[in-house]
Amino acid sequence: MENEPIAKSYEPKEVEQKWYRYWEENGLFKPAAQSDRSPYCIVIPPPNVTGTLHMGHALNNTLQDILCRYKKMAGDNVLWQPGTDHAGIATQNVVERDLAAQGTDRHAVGREKFIDLVWEWRKKYGGLIINQLRRLGCCCDWSRERFTMDEGLSRAVKEVFVRLHEEGLIYRGDYIINWCPRCHTALADLEVEHQDQESHLYHIRYLFEDGSGYLIVATTRPETLLGDTAVAVNPKDERYTHLKDTRVLLPVLKKPIPIIFDRYVDMEFGTGALKITPAHDPNDFEIGNQHNLERIKVIDDDGVMNELAGPYQGMDRFECREKIIKDLEAEGLLEKIEPYQNAVGHCYRCKTMIEPILSKQWFVKTAPLAEAAADAVRSGKTRIYPSNWEAVYFDWMDNIKDWCISRQIWWGHRIPAWYCDTCGEITVAKTTPSQCGHCSGHDLHQETDVLDTWFSSALWPFSTLGWPDETPELKTFYPTSALITGFDILFFWVARMMMMGIHFMGDVPFRDVYIHALVRDAEGKKMSKSKGNVIDPLVVMDEFGTDAFRFTLAALAAQGRDIKLSEERILGYRHFVNKIWNAARFAFMNLDDEELPGSETVSSTLADRWILTRIGQVSGIVAQALEDYQFNEAAGLCYQFVWHEFCDWYLEMAKQDLYGEDQARKHATRRTMREALAASLKLLHPFMPFVTEEIWQRLPGADGSIMSAHFPNPTEFPNDEEALRNMALVMGIITGIRNIRGEMNLPPSKNVKAVIDTANSGDAQRLQKNQKHIMTLAKAEELDIGVGLQKPEASATSVFEESTIHVVLKGLIDFEEEKQRIRKSMAKIEKDLKTSEKKLSNPDFLDKAPDHIVAEVREKAETLSAKRDKLEQTLSVLEKIDE
RNA sequence: AGGCACGUAGCUCAGGGGGAGAGCACUACCCUGACACGGUAGGGGUCAAGGGUUCAAAUCCCUUCGUGCCUACCA
């Protein structure tokens, strides 16, 4: 053999870097500019620039890479569009932390300088996650990498903002929003995480103004009473009807406030009396509007009580709560305190408790956009897989509320709106206006707020392709083919892309949405830094190799179920990578460069015809599974085929021909082996890009990268039903002999003599043709095959279909043990036979079950009873010997 | 409070109306000239419980129990 021997086990480290560079340098990740192949496009869910690769990314991007590589091999013109998003709050937080460490803050630095610092930071660290995606093997077209703060994407943002504003779908106004006192910004409803917590329900007495007594109000937030402007009761509540037109005195501040009647109040809850704080509670805000109540803000942007909080001014909101309870108690106004459990909102970025605060913000009117987005899924223009997520999507779309898009931070797209100091009106424009659009005044200043990061992410599927310009990419690849993402951003991102895509492009942003599972630890817990149960994908790749890691993720990615990842599992698939490596190693030891496919025609062996037929079948199923996003099915089938069919059976049989003297057959076997190996590599390539490329490049006659090879297609392989049947027979006989060997504890070193008594001469011939294979694989030194052969003395018996297998065990056999073995086997058969016979004796079954089922059961019963009879005969022979 | 999943071998999970499956772990025998990260064979399950539909239920329906997750402004 000319080939240098390759290493005994696969070493991923050098290999991975080498081939990634090769692919990138050879432009294999780029789509063709002009192509008549069908376009296939995935836009990456842009990771945060602040991020580092975690398990969620690893799974998400592995699945995308599998699809892109598969589609590329299947002949599509593939674009995987990569990039990152600017993660407004998160990134600002990171840079602010740096400043704090230097003893300064962004206000001291100033807005412009601060933004420069953020850009600097992003230049330095922003590429981290991108390189980690490379490490994972992702075939993104990096020449097209985008960033949501890029000039082009910023232009798209402005265009969208201005147009939505013109259409009346963006407005500005005073509403209760979620305020994070630590991040100092408004948040969208979605960005608030509700956590159940143990708290208290305080029952507080509000004295009647006329001194005639009091009414009790229950609240979880006593500190907000300072901003109360009414107490509301249900108009149907008879306990309170007499209180019409009376007023109560606000505790502490002793300010009179009205009692109002509103159906919103639940009579069953607490005392049926609800304090109304329009400036600090969304429901109270609504009620306040209906009753024209004053809105009194008592908490400032830092979560500290302000000047309207009277004696509590300057106290933190939690401190104030303690103090006010003490004061109420001292005044005899505290009726009681009950333990109570409620859900309180926290900032999704910093986990600080959210303060609902009245504030002037910018909003997107979502209802009209949402309707179209929901319809697109209802009509099947976009399909969501697995489909049970559709209900979740509809539920959200149907109950959507307006989206607060302004953020009081500096890092982000500054809202393109200018205020006129002369007339106070707002001018919205794509470029800085020279004069006010209303009074033509020149004293304009721009809005200081920036837009929510998700506002720019919502445009991702078309902004990355060049919109608002009409680029060729946009024309070719929009709508994109598939979006692969986790359910955690179904609302944040997917829903908003749907709304914006349909509105601005007139078509959905993607045909398919595939929602994958969450990666959890081996106990099924969510991985989190604070729990300390994170598995770092980079460490895993170092330890087990990227291919093993990717294959594990794919094999575990069953639809609708979370992935519990453990290192043992990954180790198992590393063994698989090694198995492939060694199969290739074996092949290379038996191949040389001169043998190119199709160079000669020789009648092929059963094993050859069988393996090629199986490849055809398997590749069809794998392709279909990938089309259906059944990653686990595809991976599982590849695993079982390569290991248990190609390696366990084909290569073992091939050895006899490769080591034999028949040159023609040797040659034919080499050719088939090469072809089967090449096809296996191609099947595996989407899952395991590195090891397959490494082997491919050493494969005699392989041309170029495996990335450009075409995925095996069933039509290119024989569909030889006869080979499948015959192979099943040969395998069954071999397994039967091995079975006896195993159960009788015969070491492989002991050769045996076997007799196969077949039911017909056809089977006998088929087996005789493969006699050498059977002898070698079953370790039999003598093998008689024929019809009506007698059971030899001192032999063990088993039955495969219509053939009876006797293994001569002269001097080795323990009759008692053999009888046990046969009885056990018969018991199993009896059990199966009983269920079959029961069915067949049921007239309803014969009457109502489909014909092919009845025929199947009948045939099975016959086979089973024949099998039982043969074993029974054997048993009686053994029992005679015993006597 | 609503909604959605899920309870199948010791573990992790496929399957989804017609004979209970895989991987890992386990047991026995083997370093056979690709691979001990390997080979061959084997043990192991009332498919959570109860009821219903059906000729036929692990699979469809209902109830119960258990476990997750998501949504929500009941103070």
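Please read all numbers here as calculations on a predicted model, not as lab measurements. Just so it is clear: chains get the letters A, B, ... in the order the sequence lines come, proteins before strands, and each one is counted from 1.
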Task: side-chain N/O A:Lys824 vs B:G42 OP1/OP2, d < 4.0 Å - done: no

Task: Nucleotide paired to B:G18 in any strand shown, Watson-Crick or G-U, under 3.5 Å - done: B:C55

Open item on the list: Can you tell me which nucleotide in B:A14, B:C29, B:C74 comes closest to the side chain of A:Glu633?
Closed with: B:A14

TODO: Would you indicate whether A:Arg239, at its atom CZ, is surrounded by more than 12 heavy atoms from other residues, nucleotides or ligands within a distance under 6.0 Å?
DONE: yes

TODO: Measure the distance from CZ on A:Arg569 to P on B:C13 and round it to the nearest whole Å.
DONE: 8 Å

Open item on the list: Pick the closest RNA chain B nucleotide for A:Ala391 and for A:Ala849 by heavy atoms, then say which residue is nearer the 5' end.
Closed with: A:Ala391

Open item on the list: Closest-nucleotide mapping onto RNA chain B: is A:Arg574 or A:Gln630 further toward the 5' terminus? I mean the 5' end.
Closed with: A:Gln630

TODO: Nearest whole angstrom, please: distance from the P of B:U71 to the NE2 of A:His194.
DONE: 9 Å

Task: Complementary nucleotide for B:C24 - Watson-Crick or wobble, under 3.5 Å - done: B:G10

- [ ] Check whether any side-chain nitrogen or oxygen of A:Asn739 sits under 4.0 Å from OP1 or OP2 of B:G42, and answer yes or no.
- [x] yes

- [ ] Could you please name the partner base of B:A36, counting Watson-Crick and G-U wobble pairs only when both distances are under 3.5 Å?
- [x] none

TODO: Taking atom types as modelled, find out whether A:Tyr348 and A:Glu191 have a side-chain donor-acceptor pair closer than 3.5 angstrom.
DONE: yes

Open item on the list: Which nucleotide, if any, forms a Watson-Crick or G-U wobble pair with B:C31, using both distances under 3.5 Å?
Closed with: none

Open item on the list: If you only use heavy atoms from C-beta on, which nucleotide in B:C35, B:G18, B:A41 is closest to the side chain of A:Lys839?
Closed with: B:G18

Task: Of the listed nucleotides B:C24, B:C37, B:A72, the one nearest the side chain of A:Asp196 - done: B:A72

Can you give each donor-acceptor pair under 3.5 Å made by side-chain atoms of residues 485-495 of chain A, sequence neighbours left out, with the distance rounded to 0.1 Å?
from     : atom 1 : to       : atom 2 : distance (Å)
A:Trp493 : NE1    : A:Ser457 : O      : 3.0

- [ ] If the plane angle is over 60° it's perpendicular, under 30° parallel, otherwise tilted; pick one for A:Phe269 and A:Tyr340.
- [x] perpendicular

Task: side-chain N/O A:His644 vs B:G23 OP1/OP2, d < 4.0 Å - done: yes

Open item on the list: For A:Tyr240 and A:Phe261: C-alpha separation, side-chain torsions, deciding distance, then whether ring pair (Phe, Tyr, Trp, His ring centres under 6.0 Å) applies.
Closed with: CA-CA 9 Å; A:Tyr240 299 117; A:Phe261 294 81; 8.4 Å; no

Open item on the list: Run A:Phe544 and A:Phe549 through ring pair (Phe, Tyr, Trp, His ring centres under 6.0 Å) and show every step you take.
Closed with: CA-CA 7 Å; A:Phe544 300 98; A:Phe549 175 50; 8.9 Å; no

Task: Minimum-distance nucleotide (side-chain atoms of A:Val265 versus B:A28, B:A75, B:A14) - done: B:A75

Task: Length of the line joining A:Asn751:CG and B:C29:P, which is rounded to integer Å - done: 20 Å

Task: A:Asn283 side chain, from C-beta outward: closest of B:C69, B:U71, B:C73 - done: B:C73

Open item on the list: When both hydrogen-bonding distances must be under 3.5 Å and the geometry is Watson-Crick or G-U wobble, what is B:C74 paired with, if anything?
Closed with: none

- [ ] Give a yes/no on whether any side-chain N or O of A:Tyr264 is located under 4.0 angstrom from OP1 or OP2 of B:A75.
- [x] no

Just the table, please: protein N/O against nucleotides 31-34 of chain B N/O, every pair under 3.5 Å.
from  : atom 1 : to       : atom 2 : distance (Å)
B:A34 : OP2    : A:Tyr659 : OH     : 2.7
B:A34 : O3'    : A:Arg585 : NH1    : 3.0
B:A34 : O2'    : A:Asn582 : OD1    : 2.4
B:A34 : O2'    : A:Arg585 : NH1    : 2.7
B:A34 : N7     : A:Lys655 : NZ     : 3.2
B:A34 : N6     : A:Glu652 : OE2    : 2.9
B:A34 : N3     : A:Asn582 : O      : 3.0
B:A34 : N3     : A:Ala583 : N      : 3.3

- [ ] Determine whether any donor atom in the side chain of A:Arg738 lies under 3.5 Å from an acceptor atom in the base of B:U40, or the reverse, and answer yes or no.
- [x] no

- [ ] Measure the acute angle between the ring planes of A:Phe646 and A:Tyr650, then classify it against the limits of 30° and 60° as parallel, tilted or perpendicular.
- [x] parallel

- [ ] State whether the side chain of A:Arg738 and the backbone N or O of A:Ala778 hold a donor-acceptor pair below 3.5 Å, judged by distance alone.
- [x] no

